[in-house]
Student: 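Sharing a structure below in structure tokens format, with a few things to ask.
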Amino acid sequence: MYMSTDEVRNSFLKFFEAKGHQIVESSSLVPHNDPTLLFTNAGMNQFKDCFLGLEKRAYTRATTAQRCVRAGGKHNDLENVGFTARHHTFFEMLGNFSFGDYFKEDAIKFAWEFLTQVLKLPQERLLVTIYQTDDEAFDIWNKQVGVPADRIVRIGDKPGGKPYESDNFWQMGDTGPCGPCSEIFYDHGEHIWGGRPGTPEEDGDRFIEIWNNVFMQFNRHADGTMEPLPKPSVDTGMGIERISAIMQGVHSNYEIDVFQTLIKAAADVIGYEDLSNQSLRVVADHIRSCAFLIVDGVMPSNEGRGYVLRRIIRRAVRHGNKLGAKGTFFHKLVGPLIDIMGSAGKELKKQQAIVEKVLRIEEENFGRTLDRGMAILNEALEAVEGDVLDGETVFKLYDTYGFPADLTNDVAREKGYSIDADGFEQAMEAQRQRAREAGQFGTDYNSSIKVDADTEFCGYTATQGESTISALFFDGEEIDSLSAGHKAIIVLEETPFYAESGGQCGDTGVLKTESGVFQVNDTQKLGNAIAHYGELIQGVVAKGDAVKAEVDAERRQAISLNHSATHLLHEALRIVLGEHVAQKGSLVRAEALRFDFSHLEAMTEEEIKRVERLVNQQIRRNHHIQTEIMDIEAAKAKGAMALFGEKYDDQVRVLSMGDFSTELCGGIHASNTGDIGLFKIISEAGIAAGIRRIEAVTGEAALDLIEEQQEKYQEKLGEAASKAKSLEKEIQVLKEKLAAQAGASLIDQVKDISGVKVLVAQLDGAENKALRGMVDELKNQLGSGIIMLGNVADGKVGLIAGVTKDLTGKVKAGELVNMVAVQVGGKGGGRPDMAQAGGSDASALPAALASTEAWLQERL
């Protein structure tokens, strides 16, 4: 019976849902609350605290299709990917889980029913393994399910190993929950080499494990004793790729629908025809891990998870280049991946644009160094004596050209060489040591303080309260009393002072007793206690003293406004830039707020303005800021956004601002968004690969900033106006000088008409204001005479006439200028000795000026 991978996934989840299991969404590939893991690598990761008894959920049965990555740290399959039938960087683990509910009998029966009745696998093809001494599991398989004894294999401890060190005995660590396993194998047939589990040929490909049932039955103590757990649990896992291969009648995982689609898509974008090439398998595998890592917030970088992502991308690109890929190609596989992932590709579809952009930029960056790095690597391989490339060269390629060691190993292996992995690691460690020596920082001596007492926080709605001193610390040591002039730490039984958390800085204020006053300069958490850091400025205080606690209310209010603004900012960024935006850190102070978020490029001025408008729009709507306490699952169902890297308890505080923003947050906020008043972004800049930072202010600080900007603008405007006025004066002086010079050159054009000196001329482009000064200068030079000047500037005609006073009885300047003006579409007049006019017909000016001579002859 053929089933697509998506059909296998959905049938599994629906089967266990019908058996009373809660379908739980795949958790992030980044296990934020588990520092022991680089990536989520098994279905049980998100339920770890449930199995340890540290977390209780609303359900006791769960089922998932969990995305997993094994490409770094302990679980690193990278160099085998593409070269074997079942190694992948990314895979999906189907699982069903019982938290103290059902145990071996139901787990075994569920597995068998799904495989033989839902998937209809032939029973004779299935074989099971159990732990050597697990007679209970044997009886269930044999007597209740009906599996023949010869198809049940007992697997004991490894030769020479510790007790319970077996492939069929699972343990979380040297101590803690553990128990036997029962695995189910599928027999691919006699035509494939390999033996049954437990035989020397078990590493062959004939018998393939498809399902593992882990029975958490014991608690292992340090002395090795095994104590039965009061509520034994079940953790199972079945790789979707392996079971899909069986359902699709193929042997290799790379032959299933998912990989065949991706291989064909890779061949198409690369321009390569042989679909059996192993490099196409590498590319097809790697697009899955890279795309989903980016979806879960990992960005390429040179450290940690980001470096693993960069390694995988570069390995894929290198294999594409081997096949002749031109330009960027890897990002073009995101679309085909979304299509073939079916129901598991919904989140990838939402973030398709950002995933494609990240991959394209990373590919372009790598392309700039690939050719040079490959040339150096090839030269180094040609110079190798023997068949091992030295670790220093491997490190140089990594450090200078961004070549991950496994990429260098891939190239070397293709040419018949290996790399000196130990030498590379030594060079890496030397670099780490140099970094540690260069980055020595001060030690927090208070980090060793241990406080037995807990502090109750009562400051969400209050800035004052009464309490009792439960502990005093001076120089890291607990003391009974403290005198004035000394810095110390005071712990109270309950306090309105907020301890720094979630990016919000700690409160300041004073603690007053009958005999002393303690100035609080900071508030921090010490375990479950809240520590007030500061200095006793008056009197004496002692353990057990009654205290009146007073938070600096004005500072607290400014902090709360900025904190509320960060929530509005977060949502506004997601609306303007896209849903890939995720908070990567924040700092909320009284003076300003700082918000770090994932985004690949600098925001444009228009984007910054849109974000500001959105935030201020929500401020003006004056949403009531509502807080609710609910369980984590109910909060997620409500759409509450959890912040990156934060660990949340079962009961969480959900903060809502209308229908605009809903987030989990334990900080202190305004009562209404309108209290924020105004939001203004100060700066936007990059702080790391794929991480941007916005700094902003609210309320009074925002008004102060705007007033300051206005004052600077007015100051600059005044300076510009003053400078412009000064330049205008300089220009006028220069124009007058030019006019005078031009006037001096006109003297040569003076004619004699009836014994009178007459100057008629056209001066195009001169400023009309300068003509008056020019006429005065010409009259002085002539002593006695008549002047008629015409000018064309900006398409308009300017006219001016001047007559020395001894001739005004015969010729009036006003009459002269009007005679000319009429001919150019205007009119004018003025005093007998000086008159000006204008006109609109510049083309008529030469003829009009030429008529002056005849007109004057009639009057002289």
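FYI, the numbering just counts along the sequence from 1.
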Student: Does the side chain of Asp480 come within less than 4.5 Å of Leu472's, by heavy atoms?
Tutor: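 They are not in contact (no side-chain heavy atoms under 4.5 Å apart), so the answer is no.
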Student: May I ask you to say whether Glu550 pairs ionically with Lys512, meaning some side-chain N is under 4.0 Å from a carboxylate O?
Tutor: yes
Student: Any chance you could measure Phe457, atom CZ, to Lys525, atom NZ, to the nearest 0.5 Å?
Tutor: 9.5 Å
Student: Distance-only, no hydrogens or angles: does the Ser28 side chain make a donor-acceptor pair with backbone N or O of Val30 under 3.5 Å?
Tutor: yes
Student: Less than 4.5 Å apart, any side-chain heavy atom of Gln557 and any of Ser560?
Tutor: yes
Student: Is there a donor-acceptor pair under 3.5 Å between the side chain of Ser481 and the backbone N or O of Ala542?
Tutor: no
Student: Are Ser501 and Gln504 linked by a side-chain donor-acceptor pair shorter than 3.5 Å?
Tutor: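 Their side chains do not contain a donor-acceptor pair, so the 3.5 Å distance test is not met.
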Student: Using the rule given for side-chain hydrogen bond (donor to acceptor under 3.5 Å, both in side chains), can you reason through Glu500 versus Gln524, listing the C-alpha separation, both sets of side-chain angles and the distance that settles it, and then say yes or no?
Tutor: CA-CA 5 Å; Glu500 180 178 325; Gln524 298 282 336; 2.8 Å; yes
Student: Verify, without hydrogens or angle tests, whether Arg620 (side chain) and Gly674 (backbone) share a donor-acceptor contact under 3.5 angstrom.
Tutor: no
Student: Residues in side-chain contact (heavy atoms from CB on, under 4.5 Å) with Ser515, at least two apart?
Tutor: Thr513, Asp545
Student: In terms of ring plane angle, is the pair His486 and Phe474 parallel, tilted or perpendicular, where the classes change at 30° and 60°?
Tutor: perpendicular
Student: Would you compute the distance between atom CD1 of Ile682 and atom CD of Gln709 and round it to the nearest 0.5 angstrom?
Tutor: 9.0 Å
Student: Keeping the roles fixed (side chain from Ser98, backbone from Phe103), state whether a donor-acceptor pair exists under 3.5 Å.
Tutor: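 Not confirmed, Ser98 side chain does not pair with Phe103 backbone.
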Student: With under 30° as parallel and over 60° as perpendicular, where do the rings of Phe595 and His570 fit, or are they tilted in between?
Tutor: tilted
Student: Rounded to the nearest 0.5 Å, what's the gap from CD1 on Ile706 to CD on Glu711? Could you check?
Tutor: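 Those atoms lie 12.5 Å apart.
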Student: For the CD atom on Glu591, are there more than 12 heavy atoms of other groups (residues, nucleotides or ligands in this structure) within a distance under 6.0 Å?
Tutor: yes
Student: Donor-acceptor pairs under 3.5 angstrom involving side-chain atoms of residues 488-496: please list them, not counting sequence neighbours.
Tutor:
unit_1 : atom_1 : unit_2 : atom_2 : d
Thr495 : OG1    : Phe497 : N      : 3.0
Thr495 : OG1    : His532 : NE2    : 2.9

Student: With side chain to side chain donor-acceptor pair (under 3.5 Å) as the test, pick out the partner of His580 among Gln351, His599, Lys350.
Tutor: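 The option that passes is His599.
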Student: Quick one, Met44 and Phe51 - any side-chain contact, counting heavy atoms below 4.5 Å?
Tutor: yes
Student: Going from OG on Ser564 to CE on Met657, what distance comes out if it is rounded to the nearest 0.5 angstrom?
Tutor: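 With rounding to 0.5 Å, OG (Ser564) is 4.0 Å from CE (Met657).
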Student: With no hydrogens and no angle check, just 3.5 Å: does a side-chain donor-acceptor pair link Gln618 and Asn616?
Tutor: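 On atom types as modelled, these side chains do not qualify, holding no pair under 3.5 Å.
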Student: Indicate the atoms forming the closest heavy-atom contact of Gly100 with Ser233, along with that distance.
Tutor: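 Closest approach of Gly100 to Ser233: N-OG, 3.1 Å.
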Student: Could you report the tightest heavy-atom contact between Val697 and Asn562, atom names first, then the distance?
Tutor: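 Scanning both residues, the minimum pair turns out to be C-OD1, 4.4 Å.
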Student: Check whether the side chains of Thr236 and Asn96 place a donor and an acceptor atom closer than 3.5 Å, and report yes or no.
Tutor: yes
Student: Are Arg67 and Asp296 side-chain neighbours, meaning at least one heavy-atom pair lies under 4.5 Å?
Tutor: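 Yes, close enough: below the 4.5 Å cut-off.
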Student: As a quick check of understanding, evaluate salt bridge (charged side-chain N to carboxylate O under 4.0 Å, His left out) for Lys680 and Glu612, giving each step before the final call.
Tutor: CA-CA 7 Å; Lys680 184 67 179 173; Glu612 279 188 342; 3.6 Å; yes
Student: Under 4.0 Å between a Lys/Arg side-chain N and an Asp/Glu carboxylate O for Arg653 and Glu628?
Tutor: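 Glu628 and Arg653: not salt-bridged.
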Student: Taking Arg555's backbone N and O only, do any of them form a donor-acceptor pair with Asp552's side chain (distance below 3.5 Å, no angle check)?
Tutor: yes
Student: Is the distance from the ring center of His21 to that of Tyr102 below 6.0 Å?
Tutor: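 Aromatic pair counts; centres sit under 6.0 Å.
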Student: Can you tell me how far the CG atom of Leu482 sits from the NZ atom of Lys487, to the nearest 0.5 Å?
Tutor: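 Interatomic distance, Leu482 CG to Lys487 NZ, rounded to 0.5 Å: 12.5 Å.
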Student: Taking the side chain as C-beta and beyond, is there a heavy-atom pair between Val547 and Thr468 under 4.5 Å?
Tutor: no
Student: Please determine whether the number of non-hydrogen atoms from other residues, nucleotides or ligands lying under 6.0 Å from atom CD of Glu514 exceeds 12.
Tutor: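 Open.
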Student: Are Glu684 and Arg692 close enough for a salt bridge, meaning some N to O gap below 4.0 Å?
Tutor: yes
Student: Under 3.5 Å, side chain of Asp475 to main-chain N/O of Glu477, donor-acceptor pair present?
Tutor: no
Student: Does this structure show an ion pair linking Glu227 with Arg220, if we count only N-O contacts that are shorter than 4.0 Å?
Tutor: no
Student: May I ask you to say whether Asp596 pairs ionically with Arg693, meaning some side-chain N is under 4.0 Å from a carboxylate O?
Tutor: yes
Student: Would you sort out whether Asp507 and Arg556 count as a salt bridge (charged side-chain N to carboxylate O under 4.0 Å, His left out), showing the intermediate values?
Tutor: CA-CA 7 Å; Asp507 280 332; Arg556 159 79 75 83; 2.7 Å; yes
Student: Checking the side chain of Gln46 only, and the main-chain atoms of Ser26 only, is there a donor and an acceptor separated by less than 3.5 Å?
Tutor: no
Student: Should Glu579 and Val581 count as side-chain neighbours, where that means a heavy-atom distance under 4.5 Å?
Tutor: no
Student: Between Thr673 and Asn622, do the side chains contain a donor N or O and an acceptor N or O under 3.5 Å apart?
Tutor: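 Judged by distance alone, the side chains do not pair up.
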Student: If only atom types and distance count, is the side chain of Tyr460 paired as donor or acceptor with the main-chain N or O of His669 below 3.5 Å?
Tutor: no
Student: Do the side chains of Ile575 and Phe660 get nearer than 4.5 Å, heavy atoms only?
Tutor: yes
Student: Inspect the contact between Asp101 and Lys231 and indicate whether a charged nitrogen and a carboxylate oxygen are less than 4.0 angstrom apart.
Tutor: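 So Lys231 does not pair with Asp101 through a salt bridge.
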Student: Is the shortest heavy-atom distance from the side chain of His563 to the side chain of Leu593 under 4.5 Å?
Tutor: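 His563 does not reach Leu593 side chain to side chain.
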Student: Is it the case that atom CD in Glu700 sees more than 12 heavy atoms from other parts of the structure closer than 6.0 Å?
Tutor: no
